[in-house]
Amino acid sequence: MLPWTIASPATPTGFSSSPRGRSLLRLLRRPIATLPLPSPRPFSLTGNASFPTPVLRSSPHPSPPEDATTDFVRLLKASSRSVKSLLDAGLLHSVAVKAGLGQDDRVRTGLLRIYCGCGRVDLAGKLFDEIRERDVLAWTLLISGRARAGQYREGLEMFAAMLAEGPLPNRFTLSCVLKCCVGCGGDLGAGKSVHGWVLRNGTEFDVVLLNSVLDFYAKCGAFACTKNLFRTMNEKDAISWNIMIGAYLRQGDIDGSMELFRTSPYQDVSSWNTIISGQMEHGLHAIALQILHTMVDMGPRFNQFTFSTALVIASRLTMLDLGKQLHCQILRTGHAGDVFVRSSLIDMYSKCGDVHASSSVFSGSSEHTDGTVTESISFSAMVAGYVQNGMSEEALELLRDMFQEGVKVDQFTLTSAAAACSDAGILEQGMQVHCCVVKLGHVFDAFLSSAITDMYAKCGSLEDARKAFDDSRVTNVVLWTSIIGSYASHGRAAEAIHLFEQMSEEKIVPNEISFVHVLSACAHAGLVGKGHAYFKSMQEDHGIAPSVEHYTCMVDLLGRAGLLDRAKDFIQEEGISNYPVVWRALLSACRVHSDVEMASWVCEQLVQLEPCESGHYILLSNIHASRRKWEEASELRRMMHEKGVRKRPGQSWIQIRNKVHTFMVGDKSHPEAAEIYSYLESLIGRLKEMGYASRTDLVLHDVEEEQRESILNFHSEKLAVAYGIMSTPKGIPIRVMKNLRVCADCHEAIKYISQATCREIILRDAYRFHRFSNGKCSCGDYW
DNA sequence: GTAGGGTTAG
């Protein structure tokens with residue numbers, strides 16, 4: 001528990017009140033142009049720079065502005081914070097044109113600022129080209145817009161052009177340029193050029209500017225440069241010290257950072273925050289929590305940064321109690337209006353599994369919102385919270401609200417939305433999300449590309465997943481892992497393995513999840529030797545310790561290949577017999593290889609570990625039933641009944657024209673139930689003529705033959721497939737999702753259905769995809 | 001200068 005005794009601040013804070021701060025403010029107010037400025041030398045930049053069209057110089061003394069223009073320019077500046085949609089920006093633009101102000105350079109600059117604020121740097125760039133006399137404001141606004149839009153390289157190119165032919169940059173220009181240097185993956189050369197430029201142009205006394213350079217070096221990991229600059233700075237403020245403390249932390253030199261913290265003349269709340277978030281960056285949550293405690297004991301009051309970070313600690317350590325305490329303090333200290341604090345609260349409650357609390361914080365936040373971009377942060381935290389807690393429907397509903405209310409939908413929200421579509425398996429909405437991604441131009445976002453790739457695969461369209469992967473403009477291990485997993489789950493083991501090899505050739509280092517996929521691919525393809533080799537290489541070459549998921553894949557690998565005894569020995573040798581999931585993998589293998597004895601033994605282990613889990617009772621009961629050992633099967637059912645174990649109801653769903661239709665076994669609640677049942681019966685009649693026989697031996701229940709068959713015939717997946725065929729034109733592929741694993745009889749029947757109706761049928765079950773075409777399934781009847 | 005919301009897993 002956190003002792004909430006808040007000590008009075010020991011050191012003066014806020015630089016504006018200190019004498020040093022006042023001199024700083026004076027310096028800040030001093031226009032950069034009054035400093036001695038020698039003529040700038042050419043700015044060296046690596047890479048191909050394409051320069052904008054040359055600036056046309058008009059008369060050196062433009063006529064004084066008219067009142068209407070000045071007023072409109074003022075209006076533009078005032079609205080730049082609140083105008084966040086392209087529609088509003090366009091409206092202002094057309095008002096300007098209609099009023100005959102469209103040709104004025106200052107109006108164009110104002111509109112440029114507005115377009116940048118809406119994230120439409122492309123349109124801002126067009127306006128920039130039209131401006132006749134580009135002043136430092138126009139250049140800086142566009143460079144800043146490019147930096148915010150992630151177009152760092154373009155920002156640097158603009159800066160080079162500005163030095164060559166534009167006005168002299170000011171402090172703000174340079175800090176944007178340094179952001180671009182960091183964004184370009186820490187372009188040290190470009191950053192050093194800026195530093196050189198600052199020194200040559202006599203602005204080295206400007207502590208604010210030098211802090212930007214210092215921060216740049218720290219963020220690029222150029223520790224020696226950071227230390228050097230810090231040492232030579234004539235004037236250092238609290239920010240300089242904090243950047244330096246952060247630099248030590250980034251180096252992993254925690255002792256060094258603490259030493260600096262102790263010697264700093266500015267031990268204010270910011271230094272504490274820097275120290276705490278530095279620990280977080282290294283994943284040292286427990287230590288961060290300790291420092292937080294110390295801060296409560298002896299440090300200054302928490303500010304909004306401290307609360308945000310503290311909430312992240314609570315969510316990483318899943319400490320709901322701590323989170324609630326912080327929430328109380330936030331309300332008491334009046335920080336509830338801060339958008340970051342609120343989104344951290346939403347996130348903390350979601351990650352601790354209390355979505356109810358998240359959504360009440362979210363609903364309460366409407367009173368603080370002002371319709372600006374900050375609003376979208378709370379929205380996107382809430383959308384993510386729903387997705388993390390498996391509530392995809394609510395997540396997508398909230399996304400719809402965002403569009404309706406005109407809240408900015410950014411790449412974060414879209415990533416969560418794509419994940420929601422993946423979970424729900426709804427291709428049409430997924431495609432709509434993808435359209436938004438393309439329209440809003442988020443093609444450089446690796447998170448989003450991975451989520452879209454995964455979405456297509458999980459919605460059954462491997463082709464679109466591949467296309468999204470190929471079209472992605474950025475790449476990383478997660479994107480590769482998504483596509484490898486897509487092929488693996490669609491039964492295309494050879495391609496999955498090939499992609500894994502290709503990834504290594506591209507020098508992308510696989511992570512633990514990549515290995516899960518490639519091992520699972522080996523298991524499904526029956527490649528025992530290869531699987532073993534990957535398992536060994538993972539540990540020896542990549543230093544990844546196997547997790548339960550990896551062990552499960554290995555048991556699956558051996559079990560599926562029929563090496564049941566080896567699989568059993570593996571479980572015992574590796575000391576993983578406490579994990580139910582590995583036994584479940586072995587039980588599945590027993591079913592595939594019809595080894596009743598081993599299955600009974602495995603089931604005993606499982607029942608001990610998980611007495612209330614229905615899955616293994618059902619699996620074993622099916623094995624007995626398939627052998628017509630009705631007594632054993634009924635004994636199992638009695639055990640299930642005794643222990644109050646219930647089977648999770650099987651559900652299948654299909655999306656037709658933007659509506660999801662859900663079915664359960666023998667379910668007649670659908671409005672077209674009568675038509676569906678009669679169509680399915682006639683279809684099964686046709687299948688029987690083709691040679692299909694109901695696998696009545698696979699039914700769980702020991703009932704009369706005819707009754708058993710009718711239960712099988714109306715399993716949820718068959719109903720959904722039948723409805724899909726009835727309600728879509730010929731030749732259109734059918735995509736059905738099921739919450740449990742597909743039943744063996746349905747699997748057999750759907751193979752025949754794909755042949756009888758000349759349809760491709762894609763069925764997603766709880767673990768993988770089955771792609772039926774011409775009487776065959778992509779899983780090779782091996783799942 | 002520092003904070004927040006996002007992707008891959010039998």
Side-chain angles (χ1 to χ4, degrees), chain A residues 175 207-208 211-212 214-216 218-219 237-247 249 269-278 280-281 303-312 315 338-348 350-351 374 376-385 387-388 410-419 422 442 445-455 457-458 476-486 488-489 511-517 519-520 523 547-553 555-556 579-582 584-585 588 615 741 766-768:
Chain A
S175 82
V207 66
V208 176
N211 278 346
S212 295
L214 192 68
D215 183 53
F216 160 78
K219 280 192 177 138
D237 64 3
I239 294 169
S240 330
W241 281 86
N242 282 340
I243 296 171
M244 202 56 223
I245 294 170
L249 286 165
V269 59
S270 307
S271 344
W272 283 96
N273 290 346
T274 310
I275 287 278
I276 294 169
S277 48
M280 300 290 287
E281 263 178 42
N303 67 7
Q304 71 273 37
F305 288 87
T306 328
F307 279 120
S308 258
T309 314
L311 285 167
V312 175
S315 77
D338 184 272
V339 63
F340 287 132
V341 171
R342 270 201 322 271
S343 68
S344 303
L345 268 174
I346 294 171
D347 183 56
M348 180 277 296
S350 303
K351 294 221 168 96
T374 53
S376 80
I377 301 171
S378 298
F379 267 91
S380 96
M382 196 60 236
V383 172
V387 177
Q388 282 152 7
D410 62 9
Q411 65 271 43
F412 291 92
T413 327
L414 289 170
T415 307
S416 298
S422 301
H442 295 302
D445 194 303
F447 279 86
L448 200 37
S449 297
S450 312
I452 294 287
T453 303
D454 180 62
M455 178 276 294
K458 292 229 174 89
N476 67 10
V477 61
V478 179
L479 179 66
W480 276 89
T481 302
S482 302
I483 192 71
I484 293 169
S486 304
S489 69
N511 66 14
E512 61 279 14
I513 304 174
S514 326
F515 276 105
V516 170
H517 289 313
L519 289 173
S520 148
S547 68
V548 200
E549 284 83 6
H550 299 114
Y551 284 124
T552 308
C553 288
V555 171
D556 205 26
Y579 296 109
V581 60
V582 298
R584 252 179 274 158
S588 277
R741 294 183 69 163
Y767 296 131
R768 58 174 34 256

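Note on naming: letters A, B, ... go to the chains in the order of the sequence lines (proteins, then strands), and numbering restarts at 1 for each one.
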Between [atom2] on [N] and [atom1] on [X], what's the gap in Å once rounded to a whole number?
X	N	atom1	atom2	answer
Ile239(A)	dT2(B)	CD1	C1'	9 Å
His550(A)	dT8(B)	NE2	P	16 Å
Ile483(A)	dT7(B)	CD1	P	18 Å
Phe447(A)	dT8(B)	CZ	C1'	11 Å
Ile276(A)	dT2(B)	CD1	P	17 Å
Met348(A)	dA3(B)	CE	C1'	15 Å
Asp347(A)	dA3(B)	CG	P	15 Å
Leu214(A)	dT2(B)	CG	P	11 Å

With a non-hydrogen cut-off below 4.0 angstrom, is [X] in contact with a base, only sugar-phosphate, or nothing?
X	result
Val312(A)	sugar-phosphate
Asn242(A)	base
Asn303(A)	nothing
Leu448(A)	base
Ala384(A)	sugar-phosphate
Glu512(A)	nothing
Ser270(A)	base
Ile513(A)	base

What's the closest nucleotide to the [X] side chain, out of [options]?
X	options	value
Asn273(A)	dG6(B), dT2(B), dT7(B)	dT2(B)
Thr552(A)	dT7(B), dG5(B), dG10(B)	dG10(B)
Asp338(A)	dA3(B), dG1(B), dG6(B)	dA3(B)
Ser212(A)	dT7(B), dG1(B), dA3(B)	dG1(B)
Gln388(A)	dT2(B), dT8(B), dG5(B)	dG5(B)
Phe305(A)	dG1(B), dG10(B), dT2(B)	dT2(B)
Ser416(A)	dG6(B), dA3(B), dG1(B)	dG6(B)
Glu549(A)	dA9(B), dG6(B), dT8(B)	dA9(B)
Phe412(A)	dG5(B), dT2(B), dT7(B)	dG5(B)
Thr309(A)	dA9(B), dG1(B), dA3(B)	dA3(B)

Examine the side chains of Asp215(A) and Ser212(A) and answer whether a donor and an acceptor come within less than 3.5 Å of each other.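 Side-chain D/A pair, Asp215(A) to Ser212(A): absent.
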Could you check whether Asn303(A) and Thr306(A), counting side-chain N and O atoms only, form a donor-acceptor pair closer than 3.5 Å? yes
Can you name the residues that form a side-chain contact (heavy atoms from CB on, under 4.5 Å) with Thr413(A), not counting sequence neighbours?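 Checked Thr413(A) against side-chain contact (heavy atoms from CB on, under 4.5 Å); matches are Ser380(A), Val383(A), Leu399(A), Met402(A), Val409(A), Asp410(A).
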Check this for me: does the side-chain of [X] come within 3.5 Å of the base of [N] through a donor and an acceptor?
X	N	answer
Ser380(A)	dG5(B)	yes
Asp410(A)	dG6(B)	no
Ser450(A)	dT7(B)	yes

Can you check whether Lys458(A) has a side-chain N or O nearer than 4.0 Å to OP1 or OP2 of dA9(B)? yes
Look at Lys219(A) and dT2(B) and indicate whether a side-chain polar atom (N or O) is within less than 4.0 Å of OP1 or OP2. yes
For the side chain of Ser520(A) and the backbone of Val516(A), is there at least one donor-acceptor N/O pair under 3.5 Å apart?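 No; zero donor-acceptor contacts below 3.5 Å.
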Has His550(A) got a side-chain atom pairing as donor or acceptor with Glu512(A)'s backbone, closer than 3.5 angstrom?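 Confirmed, His550(A) side chain pairs with Glu512(A) backbone.
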Show your reasoning for whether side chain to side chain contact (heavy atoms under 4.5 Å, CB included) applies to Ile239(A) and Asn242(A). CA-CA 5 Å; Ile239(A) 294 169; Asn242(A) 282 340; 5.6 Å; no
Partners of Ser344(A) by side chain to side chain donor-acceptor pair (under 3.5 Å), sequence neighbours excluded?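 Counting only residues at least two positions away or on another chain, Ser344(A) forms a side chain to side chain donor-acceptor pair (under 3.5 Å) with Ser308(A).
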